[in-house]
Amino acid sequence: MTNHVGTVGIVMPMYNARKTVLRAVESIVNQTYKDWHLYLINDQSTDDSLAFVREHCTDARITILSNEVNLGAAETRNVGLRAAKEEIIAFLDSDDEWHAEKLAEQTAAIAAGDDFVITHYHYKTKSADHDILYSKPYLQQENFVKKQYRVCFSSVCFRRPPQGIFFQRKGHEDFLFLYELFLRYKQARVIQKTLVNYYELGDSLSRNKNKAAKWHLELLRIIYKNNPLKIYYYYTWYMVNGVLFALKHR
């Protein structure tokens, strides 16, 4: 069985990432699946990240773009999505990295019929260092909304729906984008191998638990507009699974 599904478009937003971006880019260059194109979008970094990647990221498969104004992560990813012409899309944050077989494993799954594919990943913070695993080969939409498995965005690879999906400028925009993919495809194939290193920075906004909880409640209100029972049912799941995740991976 071939795993060739054509060129994979990779979207990487960058903001003040000089210390980590080369590690991320090199992990793409080192993929065993070689048919890819990286869209690296500078979001008006205030350090020398842009000059740094222009000097060091000279592979012909890399397109470097730069926003005229700071747009934030969500709209910067949209810039990459609009620039990318490829049918298969993957995301990699500029502070994360892929293992060499990541794209090969996911494109094989897509070639076999899956449209939305994620992987296990290694989760590293100042205090935690764990592999994040899921016991089933598919993550269903219901279990995603319940946050029974916390998807790493740098593990996501998918076939673009005909109508396209873009980010909205809201807190937890990653979750809302993934929810749109689950609406379209109902489930995500889980490659049960650790193929991404996810580094959570100490100053990450997602580390502000109160703000994150408020954002998530607002998203559930958007998703389940006139159904308060569903809103608070899934919000309870979010809180419970958040506590369990924190206890297990502290």
Side-chain angles (χ1 to χ4, degrees), residues 1-3 5 8 10 27 31-33 88-93 96-125 128-161 165 172-200 206 212-213 216 219-220 223-224 229-250:
M1 180 187 70
T2 180
N3 69 336
V5 294
V8 177
I10 304 164
S27 78
Q31 291 296 298
T32 58
Y33 187 88
I88 308 302
I89 296 292
F91 295 105
L92 177 59
D93 286 347
D96 296 337
E97 65 182 320
W98 288 346
H99 296 202
E101 294 294 326
K102 192 262 190 188
L103 283 184
E105 292 280 351
Q106 290 184 302
T107 54
I110 290 171
D114 292 303
D115 293 308
F116 177 20
V117 187
I118 61 177
T119 78
H120 292 172
Y121 58 99
H122 189 77
Y123 172 73
K124 187 171 179 61
T125 69
D129 197 351
H130 304 280
D131 286 339
I132 308 301
L133 312 176
Y134 191 65
S135 61
K136 300 176 183 179
Y138 287 91
L139 177 63
Q140 304 295 328
Q141 177 182 329
E142 171 82 358
N143 293 333
F144 165 74
V145 178
K146 288 179 177 179
K147 298 282 280 190
Q148 291 189 352
Y149 183 68
R150 186 173 298 197
V151 176
C152 171
F153 211 74
S154 289
S155 81
V156 171
C157 186
F158 66 97
R159 187 185 301 278
R160 278 179 157 174
I165 297 176
H172 277 192
E173 64 271 4
D174 293 3
F175 180 88
L176 192 55
F177 187 94
L178 291 171
Y179 178 75
E180 294 289 335
L181 284 176
F182 274 102
L183 277 182
R184 176 66 177 82
Y185 295 125
K186 307 307 178 189
Q187 62 184 12
R189 169 73 186 279
V190 183
I191 303 296
Q192 294 178 310
K193 298 179 182 180
T194 300
L195 296 173
V196 178
N197 291 340
Y198 167 60
Y199 301 94
E200 190 170 78
S206 64
H216 196 76
L219 287 187
L220 291 174
I223 292 169
Y224 301 111
L229 287 178
K230 277 193 172 182
I231 291 169
Y232 287 101
Y233 172 76
Y234 286 113
Y235 187 66
T236 300
W237 273 107
Y238 165 79
M239 297 297 288
V240 168
N241 282 319
V243 170
L244 293 175
F245 183 91
L247 290 173
K248 184 177 181 181
H249 301 109
R250 60 185 175 180

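With respect to the salt-bridge test (charged N to carboxylate O, under 4.0 angstrom), the residues Lys193 and Glu105 qualify.
Tested against Tyr234 for a side chain to side chain donor-acceptor pair (under 3.5 Å), the candidates Lys146, His216, Glu142 yield a single pass: Glu142. Of the residues Tyr121, Phe91, Tyr198, Phe158, the one that meets the ring pair (Phe, Tyr, Trp, His ring centres under 6.0 Å) test with Phe153 is Phe91.
The side-chain tip of Arg184 does not point at the ring of Phe116 from less than 6.0 angstrom away and within 45° of straight on.
Shown here is Lys136, whose NZ atom has no more than 12 heavy atoms of other residues, nucleotides or ligands within 6.0 Å.
Within the 4.5 Å cutoff, the side chain of Leu139 has heavy atoms near those of the Phe182 side chain. Annotation: side chain of Asn241 is in contact with side chain of Gln148 (closest heavy-atom distance under 4.5 Å). Counting heavy atoms from C-beta on, the side chains of Tyr185 and Gln187 never come closer than 4.5 Å. For the pair Phe175/Tyr238, no side-chain contact is recorded, criterion being any heavy-atom separation below 4.5 Å from C-beta on. For the pair Ile10/Leu103, a side-chain contact is recorded, criterion being any heavy-atom separation below 4.5 Å from C-beta on. At least one side-chain heavy atom of Ile110 sits less than 4.5 Å from a side-chain heavy atom of Cys157. When side chains are defined from C-beta on, Tyr134 counts as touching His120, because their heavy atoms get closer than 4.5 Å. Side-chain contact between Tyr149 and Asn143: absent, with no pair of heavy atoms (C-beta onward) separated by less than 4.5 Å.
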* To do: Determine, stepwise, if the pair Lys147 / Trp237 fulfils side-chain contact (heavy atoms from CB on, under 4.5 Å).
  => CA-CA 7 Å; Lys147 298 282 280 190; Trp237 273 107; over 6 Å; no

* From CA spacing to verdict: side-chain contact (heavy atoms from CB on, under 4.5 Å), Tyr33, Val5 -> CA-CA 10 Å; Tyr33 187 88; Val5 294; 3.9 Å; yes

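Put simply, CG on Asp129 and NZ on Lys124 are 4.0 Å apart, with the number rounded to the nearest 0.5 Å. The line from CG of Leu133 to OG1 of Thr119 is 10.5 Å long, rounded to the nearest 0.5 Å. How far CG of Asp93 is from OG of Ser154: 4.0 Å, rounded to the nearest 0.5 Å. Atom CG of Leu176 sits about 10.0 Å away from atom CG of Leu220, to the nearest 0.5 Å. In this structure, CD on Glu173 lies 10.5 Å from CG on Leu178, to the nearest 0.5 angstrom. Expressed to the nearest 0.5 Å, how far CG of Asn197 lies from NE2 of His99 amounts to 3.5 Å.
Here the shortest heavy-atom pairing between Arg189 and Ala109 reads NH1-CB, 3.8 Å. Nearest approach of Ala104 to Thr107, heavy atoms of both residues: O-OG1, 3.2 Å. Across every non-hydrogen atom of Gln192 and Pro137, the tightest pair is NE2-N, 3.9 Å.
Put simply, the side chain of Glu97 never gets that close to the backbone of Ser27: no donor and acceptor are under 3.5 Å apart.
Tyr138 and Gln140 form no side-chain donor-acceptor contact under 3.5 Å, judged by distance and modelled atom types alone. Inspection of the Glu101 and Thr32 side chains reveals an N or O donor paired with an N or O acceptor under 3.5 Å.
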